[in-house]
Every structure is written in C-alpha cells, then in structure tokens.
Amino acid sequence: MTLDIPRIEQLLQDGVRNRVYPGAVWAVGEASGTTASGAVGLLDPTCPDEPMRLDTVFDIASLTKIVAVWAVIGTLVEEGKLQLHTPLGTFWPEVTGHPLAQVTTHELLTHTAGLPLRANLKNLYGTDPQDIRDGVLHEALHRAPNEAVEYTDRAALILGYLAEYLAGQPLDHLAASRIWAPLGMTETRFGPMPADTIARCAPTELDEGTGIHLKGTAHDFSARLLGGACGIAGAFFTLADLSRFLRQMLAPTQAAFDQSWITDSLRVRTGELTPARGLFWHPAPGTELREDVWVHYGFTGTGMWISPKQQRWAALLTNKLYYTRDREPLTGVRNTFRTAALT
C-alpha cells in the first residue's frame, strides 16, 4: 500500500487555510493496523496554542448510526433475535396496529421505509422522552415502503428503540457492552462528556443560547433532547477508537459483529432504486461499485471509508461545523482525501 502522504497533508492544510475547518485528524490503514496518520490545524481558532491532536475527541454525529446502531443491530441479527425482512408489527408490540407495523428492519437500514424525512421531535412530540418515543413509533409514513431511497434520521432512531426492546437495555449500554468495550474502544461514549475529557474535545457550532461553541455536548438537537444518547447521533470518539472499529470490519473477531453482517451490509440492497445503498453504508461518491468503497459521514465534519476489496480503511475527522453548516467546501476535501487514501 503506497500512500502519497504529502498530498494528503497538503490537502488538509489547505482546508485549514481556507477555513473549511479549524483542524483535522486523519488515518489510513488495513486489518493489521494504521498505515499512516496525522493531525493539522487547531482545536479552536481562538486558541493558537492548542493544536489539533491525534487524541482529540470528536462529536461524531451520524457516525453514531454505524458504530452504535448498525453494529448492535448486527449482533442481534447474528443471535437470531431479529430477522431483516419480518414486518415490525408481527413481533414488536409498540408498533403493532400503527403504520410502522408494515415496515421491516431491512427497509429501515436501506432508508426505503417511507418514513417522514425530518426528525422535528420537539415540535411534534414535546420534550418528554417517552412521548417522543411513542410519537416516533406511531407516526404516519411519508410514503409507502420500497418506493424510494430517502435518507432520514428517523430510521436510526427507530432501530435504536428496536434494539432496546429486543435486548432489554438502553442503547448506550448496548453499544458499550456489545461493541465498544469488546473492541477496546475505551474513549468512545455518548455525551455529555466528563469534565476531564472536555479539554480534548473539538468544539463544534456556536450555541446561541450561551454564546460559546459546543464542546463535549452533542451538536445534534435530537440527541440533546433525548439526554445525549439516541440512534441518530450523540456519540464521541477518538481516531484510535475508530481505527479499532474499522479494523474489525476488515478482520472480524468474535468480539463483536461478524463477517456475515459486514458482507450483507456492504453490497447494494436497494435494487433498481437510487441512490444505491447497502445496510446504512453507501457507495462512496465518485466511485464505481466494482471498486467496493463504502462510506458514512457525520454532519459535524466526520467521515469513514471501508473497502473490503482493497483491504483498506480510511478516516477523516474534522470540526468543520465550527465555521459553517455549508457542506460543499468539505465535500471537495472528502472526495479528494478518499481518492488519495483508497485508490
């Protein structure tokens, strides 16, 4: 595996200079470990003496959907506690008799369930966690299942609730006990982060209520509304922990999800519908299916790629949300980074 490390470093330094993000950490590796990694820029632009570091803790936003929900669901499938194509209403009393009863786990994982496109939890259901759960699980569908591929946070939220029902434990406990602890992901957890860790956290968006940037508290409003932990977002981790997760995907151990779940997830499961999706993962933009490069992004500026064919993984963690919600500047950086890391 030959990497043009100076090209990657220059790309990411240019992103700092162009104010795409204050700083970034990156790594490329294989099943045996990390091949190359680095850190550029600052943790916070107002603190020039605090560089971004390899052990920076990031609010990973929607990567939570992978390292918590997708991974936990995989263990439940492997244990025979969940069948992907069985309608939810046939075994889950909370949704029986409601529109969600006809939906399958497979449709949730492929974003083809026809769910409402926005979470909008507080406006629709208030602030009580049980009222939110009831509202989400009893809500009408936006369209019939299997008509379209439409990404929605609700899919992961519902799958998190489903995992809690099947396993009888909260999602944060399930993720920690079934995935993070067995894989040695010792710095991965749902927020808010403990006081002794906050100094290492990358700040995200300015909180208009306090006038300071969020740091150690999830940016995602749904996660904060639900106490910090939910299927949508809310988890934090370091680059080292992400590398442990991605290494498991290339060389599965008995510690967590197995090869069958990975193989089933990293193939197109949406038929002729577009855009193509696997189970929560999707083909990386700018690649062809034969290249076998899969990706998932997080709104705060995080991203991870995996290619079983190439036996490589890559990660790029930034706090781009510190500056802007505009996705376009980071999209170019991500695509160029992926090209350099996985070709």
Side-chain angles (χ1 to χ4, degrees), residues 60-66 68-70 72-73 82 84-166 170-171 190 205 218-235 269-282 296-300 321 325 327:
I60 66 174
S62 281
L63 297 196
T64 303
K65 295 177 171 71
I66 297 294
V69 176
W70 172 83
V72 167
I73 289 291
L82 180 60
L84 294 186
H85 296 282
T86 302
L88 300 179
T90 63
F91 64 91
W92 192 7
E94 283 181 277
V95 304
T96 301
H98 299 280
L100 197 58
Q102 64 182 298
V103 170
T104 67
T105 304
H106 184 274
E107 290 160 351
L108 293 172
L109 286 163
T110 54
H111 291 285
T112 59
L115 303 174
L117 300 185
R118 298 187 64 82
N120 204 22
L121 303 182
K122 183 178 179 180
N123 288 341
L124 289 174
Y125 317 120
T127 60
D128 179 77
Q130 186 62 52
D131 288 345
I132 293 170
R133 181 176 179 128
D134 292 342
V136 168
L137 296 182
H138 300 163
E139 186 63 82
L141 299 182
H142 160 67
R143 64 165 78 238
N146 284 313
E147 282 189 354
V149 178
E150 295 175 312
Y151 182 90
T152 169
D153 283 339
R154 283 177 177 248
L157 183 59
I158 291 167
L159 286 168
Y161 289 149
L162 175 59
E164 291 177 336
Y165 164 69
L166 292 174
L171 180 63
F190 280 98
E205 194 169 42
H219 168 265
D220 185 88
F221 181 74
S222 296
R224 279 185 278 153
L225 184 65
L226 293 170
C230 71
I232 295 173
R269 303 291 298 254
T270 46
E272 298 301 314
L273 297 176
T274 57
R277 281 198 169 264
L279 301 181
F280 264 17
W281 294 85
H282 63 92
H296 206 288
Y297 301 124
F299 188 69
T300 47
L321 204 57
R325 291 192 171 198
R327 300 181 184 185

If we ignore hydrogens and angles and just use 3.5 Å, is the side chain of Glu139 paired with the main-chain N or O of Val136 as donor and acceptor?
no
Keeping the roles fixed (side chain from Thr64, backbone from Ile232), state whether a donor-acceptor pair exists under 3.5 Å.
no
Taking C-beta and beyond as the side chain, do Leu141 and Gln102 meet within less than 4.5 Å on heavy atoms?
yes
Below 4.5 Å, heavy atoms only, C-beta onward: do Arg118 and His142 meet side chain to side chain?
no
What I'd like to find out is whether the side chain of Leu166 reaches to under 4.5 Å of the side chain of Phe91, using heavy atoms alone.
yes
Kindly say whether Arg277 contributes a backbone atom to a donor-acceptor pair with the side chain of Thr270 at under 3.5 angstrom?
yes
Side-chain H-bond candidate by donor/acceptor type, His111 with Glu150, under 3.5 Å
no
Rounded to the nearest 0.5 Å, what's the gap from OG on Ser222 to CG on Leu121? Could you check?
4.0 Å
Can any side-chain N or O of Asp220 pair as donor or acceptor with the backbone N or O of Ala223 at less than 3.5 Å?
yes
Validation row: Tyr151, His282 side chains within 4.5 angstrom (heavy atoms):
no
Can you tell me how far apart CD (Glu107) and CG (Leu100) are? Round to the nearest 0.5 Å.
10.0 Å
Roughly how far, to the nearest 0.5 Å, is CG of Leu82 from NE2 of His106?
12.0 Å
With sequence neighbours left out, which residue pairs that include part of residues 152-163 fulfil the side-chain hydrogen bond (donor to acceptor under 3.5 Å, both in side chains) condition?
Lys65-Asp153, Tyr125-Arg154
Should we say atom CZ of Arg327 is surrounded by more than 12 heavy atoms from elsewhere, each under 6.0 Å from it?
no
Please enumerate all residues that pass ring-ring contact (aromatic ring centres under 6.0 Å, His included) together with His98, with sequence neighbours excluded.
His138
Which atoms form the tightest heavy-atom contact between Ala156 and Gly231, and what is the distance?
CB-O, 3.3 Å
Applying the side chain to side chain contact (heavy atoms under 4.5 Å, CB included) criterion to Ile158, which one of Val95, Leu115, Val103, Thr105 satisfies it?
Leu115
Give the minimum heavy-atom separation between Phe190 and Ala68, together with the two atoms involved.
CZ-CB, 4.1 Å
Test side-chain contact (heavy atoms from CB on, under 4.5 Å) on Arg325 and Phe299 and set out the steps.
CA-CA 8 Å; Arg325 291 192 171 198; Phe299 188 69; 4.0 Å; yes
Could you check whether any side-chain N or O of Glu164 sits under 3.5 Å from a backbone N or O of Leu171, counting only pairs where one atom can act as donor and the other as acceptor?
yes
Aromatic ring pairing Trp92/Tyr165, orientation class (parallel under 30°, perpendicular over 60°, tilted between):
parallel
Where the side chain of Arg224 meets the backbone of Ala218, is there a donor-acceptor pair that is under 3.5 Å apart?
yes
Verdict with reasoning, Thr110 to Leu273, per side-chain contact (heavy atoms from CB on, under 4.5 Å):
CA-CA 10 Å; Thr110 54; Leu273 297 176; over 6 Å; no
I need the minimum non-hydrogen distance between Ala61 and Thr300, along with the two atoms involved.
CB-OG1, 3.6 Å
List the residues meeting side chain to side chain donor-acceptor pair (under 3.5 Å) with Gln130, not counting sequence neighbours, and say none if there are none.
Asp134
Heavy atoms, side chains only, cut-off 4.5 Å: are Thr104 and Leu109 in contact?
no
Of all the heavy-atom pairs spanning Phe280 and Leu159, show the shortest one and how long it is.
CZ-CD1, 3.6 Å
Between Arg269 and Leu84, is any pair of side-chain heavy atoms under 4.5 Å apart?
yes
Do Ile73 and Leu108 have side chains that approach each other closer than 4.5 Å (heavy atoms only, starting at C-beta)?
no
Do Pro87 and Thr90 come close enough that some side-chain heavy atom pair is under 4.5 Å?
yes
